[in-house]
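Below: the structure, in structure tokens.
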Protein chains: 2
Amino acid sequence: MIRILLADDEHLIRGAMAALLSLEDDLEVVAQAATGAEAIATARVVRPDVAVIDLQMPDLDGVAVAQSLARELPTCSTMIVTSHGRPGHLKRALAAGVRGFLPKTVSSDVLATVVRTVHTGGRYVDPALAAEAISAGDSPLTPREADVLELALEGAPIEEIARRASLSPGTVRNYLSSAVGKTGASNRHEAARFARAKGWI
Amino acid sequence: MIRILLADDEHLIRGAMAALLSLEDDLEVVAQAATGAEAIATARVVRPDVAVIDLQMPDLDGVAVAQSLARELPTCSTMIVTSHGRPGHLKRALAAGVRGFLPKTVSSDVLATVVRTVHTGGRYVDPALAAEAISAGDSPLTPREADVLELALEGAPIEEIARRASLSPGTVRNYLSSAVGKTGASNRHEAARFARAKGWI
DNA sequence: GGCAACTCATGACATCTGTCATGAGGAACT
DNA sequence: AGTTCCTCATGACAGATGTCATGAGTTGCC
């Protein structure tokens with residue numbers, strides 16, 4: 001019997017996935033959590049075999065949870081399910097020791113199969129997401145460029161970005177100009193959206 | 001027995017919700033669809049009592065589906081479930097004749113209850129979403145301002161917005177300037193994000 | 001008919017942004 | 001020690017953008 005921890009902030013989906021997994025004879029959902037913090041706390045107590053974590057949760061993001069779990073419970077395999085598969089997340093997730101990475105568009109059969117796969121030490125990444133990640137390539141942005149571009153995401157004026165990054169406005173413009181060049185965009189807003197889509201920020 | 005059509009592009013969630021609803025004695029999921037078009041086509045054939053539609057789907061948006069269903073199958077009550085509850089959608093949905101509007105954070109009990117409620121002619125809107133919609137208020141934007149602002153969402157330069165809206169660049173700047181003033185933003189990108197958050201575009 | 005609101009446009013002006021040249025300082029690698 | 005890259009900064013310039021005044025044409029309402 002594989003003991004599973006399920007974490008997703010959407011009750012409906014969490015409950016539904018629990019119902020699905022419980023239909024399998026060899027799977028058992030032993031705990032559920034609605035936030036990242038709750039997931040970690042619960043995992044410490046119930047020590048599940050496999051943790052199925054939603055990528056986007058109100059507090060901690062799924063990858064952060066995976067990182068904690070990998071450190072605290074090495075025997076627990078973590079897999080992530082997500083609605084919006086952005087390439088950058090996959091890369092971060094694998095680096096955090098995640099063993100499975102799936103979009104929520106997969107069927108329940110696949111979900112159950114992957115739970116078994118990661119439990120026996122295997123890995124599974126959704127082929128479509130993997131292809132996307134490969135085609136997205138590595139980020140050409142320097143760390144600082146990425147920082148600044150991220151602050152530009154919400155549409156703030158340069159003045160504010162400079163304050164929030166503790167940089168001079170001129171420097172901010174230089175980084176943004178460089179980022180715009182690297183992304184092929186025609187202004188920082190387009191560049192920011194592009195970089196976000198590629199998972200670079 | 002209430003006959004239900006379920007539409008959601010995420011297999012996992014659709015299958016899971018179907019499993020949950022089927023646990024109820026008086027509910028029966030008679031059809032499932034992964035896209036808006038598919039949902040409409042299927043509904044024409046199976047003529048369900050209640051349609052449970054996801055708001056965001058690859059082709060048609062949930063509200064558009066609801067509109068078609070209301071016209072073609074007046075006996076079928078439509079309800080919408082969604083992950084990201086933006087105020088504007090709720091307003092549009094109610095205008096389209098949707099009888100139930102829920103975030104996916106609700107429990108399965110609530111889902112089943114609401115299915116029964118809309119089937120008997122009642123209405124149900126999640127209280128939190130309703131509150132949000134009220135606090136968002138009515139859009140102060142004129143239709144054209146909203147159009148132009150929407151084109152500005154992706155960060156395109158004015159030149160391109162003008163082409164896509166078939167307007168002169170000067171006119172586009174006027175509309176955007178007006179929209180920026182009304183939203184209290186400091187540039188069109190911030191204004192666009194703000195308006196989107198309020199559900200105005 | 002008169003009024004108000006919306007749509008579309010032009011021109012002028014100030015400011016904001018994007019681009020480029022340039023340079024100092026630090027870290028990493030050979 | 002030399003090279004390369006990143007970080008941070010300044011100054012200058014052109015072009016993009018935001019703001020304002022103004023006006024013509026349309027529609028809907030009283």
Side-chain angles (χ1 to χ4, degrees), chain A residues 88 91-92 95 136-201, chain B residues 88 91-92 95 136-201:
Chain A
K91 221 168 295 178
R92 280 198 307 135
D138 277 341
S139 172
L141 303 174
T142 67
R144 219 60 181 118
E145 283 165 4
D147 288 349
V148 172
L149 201 54
E150 192 161 8
L151 290 173
L153 251 183
E154 287 149 34
I158 290 207
E159 177 73 23
E160 190 185 325
I161 298 175
R163 256 190 303 109
R164 293 222 269 160
S166 301
L167 287 175
S168 92
T171 303
V172 169
R173 287 202 282 158
N174 286 340
Y175 283 142
L176 288 176
S177 177
S178 167
V180 166
K182 285 173 178 176
T183 54
S186 57
N187 59 51
R188 65 201 155 95
H189 306 285
E190 216 175 277
R193 298 187 70 81
F194 183 83
R196 166 68 75 165
K198 290 279 191 182
W200 296 340
I201 58 175
Chain B
K91 221 168 295 177
R92 280 198 306 133
D138 277 342
S139 170
L141 303 174
T142 69
R144 217 65 179 111
E145 282 165 5
D147 288 348
V148 173
L149 200 54
E150 191 161 9
L151 290 173
L153 252 183
E154 287 148 34
I158 290 208
E159 178 73 22
E160 190 186 325
I161 298 175
R163 256 190 304 108
R164 293 222 269 161
S166 302
L167 287 175
S168 92
T171 302
V172 169
R173 287 201 283 160
N174 285 340
Y175 283 141
L176 289 175
S177 177
S178 167
V180 166
K182 287 173 176 174
T183 54
S186 56
N187 59 53
R188 65 202 156 97
H189 305 286
E190 216 175 275
R193 299 187 69 83
F194 183 81
R196 167 67 77 168
K198 289 280 191 181
W200 296 340
I201 59 176

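By convention in this document, chain letters (A, B, ...) are assigned in the order of the sequence lines, proteins followed by strands, and residues within each chain are numbered from 1. Values reported hereafter were calculated over all heavy atoms of this structure, with side chains retained and with hydrogens, waters and symmetry mates removed.
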Within this structure, what is the [atom1]-to-[atom2] distance between [X] and [N], rounded to whole angstrom?
| X | N | atom1 | atom2 | result |
| --- | --- | --- | --- | --- |
| B/Glu145 | C/dT7 | CD | C1' | 10 Å |
| B/Glu160 | D/dA16 | CD | P | 14 Å |
| B/Asn187 | D/dG18 | CG | P | 6 Å |
| B/Ile161 | D/dG18 | CD1 | P | 9 Å |
| A/Ile158 | D/dT17 | CD1 | C1' | 12 Å |
| B/Leu141 | C/dA5 | CG | P | 16 Å |
| A/His189 | D/dG18 | NE2 | P | 8 Å |

Are [X] and [Y] packed together at the side-chain level, in the sense that at least one heavy-atom pair is separated by less than 4.5 angstrom?
| X | Y | value |
| --- | --- | --- |
| A/Arg188 | A/Ile161 | yes |
| B/Glu190 | A/Pro157 | yes |
| B/Arg144 | B/Thr171 | no |
| A/Leu151 | A/Val172 | no |
| B/Lys182 | B/Ser178 | yes |

Is there a residue in residues 175-184 of chain A whose heavy atoms reach under 4.0 Å of DNA chain C, and which residues are they? A/Ser177, A/Val180
Nearest 0.5 angstrom please: B/Glu160 CD to B/Glu154 CD, how far? 8.0 Å
Calculate, to the nearest 0.5 Å, the distance between atoms NE2 and CG belonging to B/His189 and B/Leu153 respectively. 10.5 Å
Output the single nucleotide from C/dC6, D/dC8, D/dT17 whose closest atom is nearest the side chain of A/Leu167. D/dC8
Taking the minimum atom-to-atom distance to the side chain of B/Arg173, which one of C/dT17, D/dT7, C/dA12 wins? C/dA12
Return no unless some side-chain N or O of [X] is found under 4.0 Å from OP1 or OP2 of [N].
| X | N | result |
| --- | --- | --- |
| B/Thr142 | C/dA5 | no |
| A/Ser186 | C/dG18 | no |
| B/Arg188 | D/dT17 | yes |

Within the 4.0 Å limit for protein heavy atoms, which parts of nucleotides 21-30 of chain D are touched? Write it as a string from 5' to 3', B for base, S for sugar-phosphate only, - for none. ----------
Base, sugar-phosphate, or nothing for A/Thr171, non-hydrogen atoms under 4.0 angstrom? base
Whether A/Trp200 and A/Phe194 hold their rings parallel, tilted or perpendicular, with breakpoints at 30° and 60°: perpendicular
Kindly determine whether B/Asp138 and B/Lys91 satisfy side chain to side chain contact (heavy atoms under 4.5 Å, CB included), including the steps that lead there. CA-CA 10 Å; B/Asp138 277 342; B/Lys91 221 168 295 177; 3.6 Å; yes
Pick the nucleotide of DNA chain D nearest each of A/Arg144 and B/Ala185; which residue has the one closer to the 5' end? A/Arg144
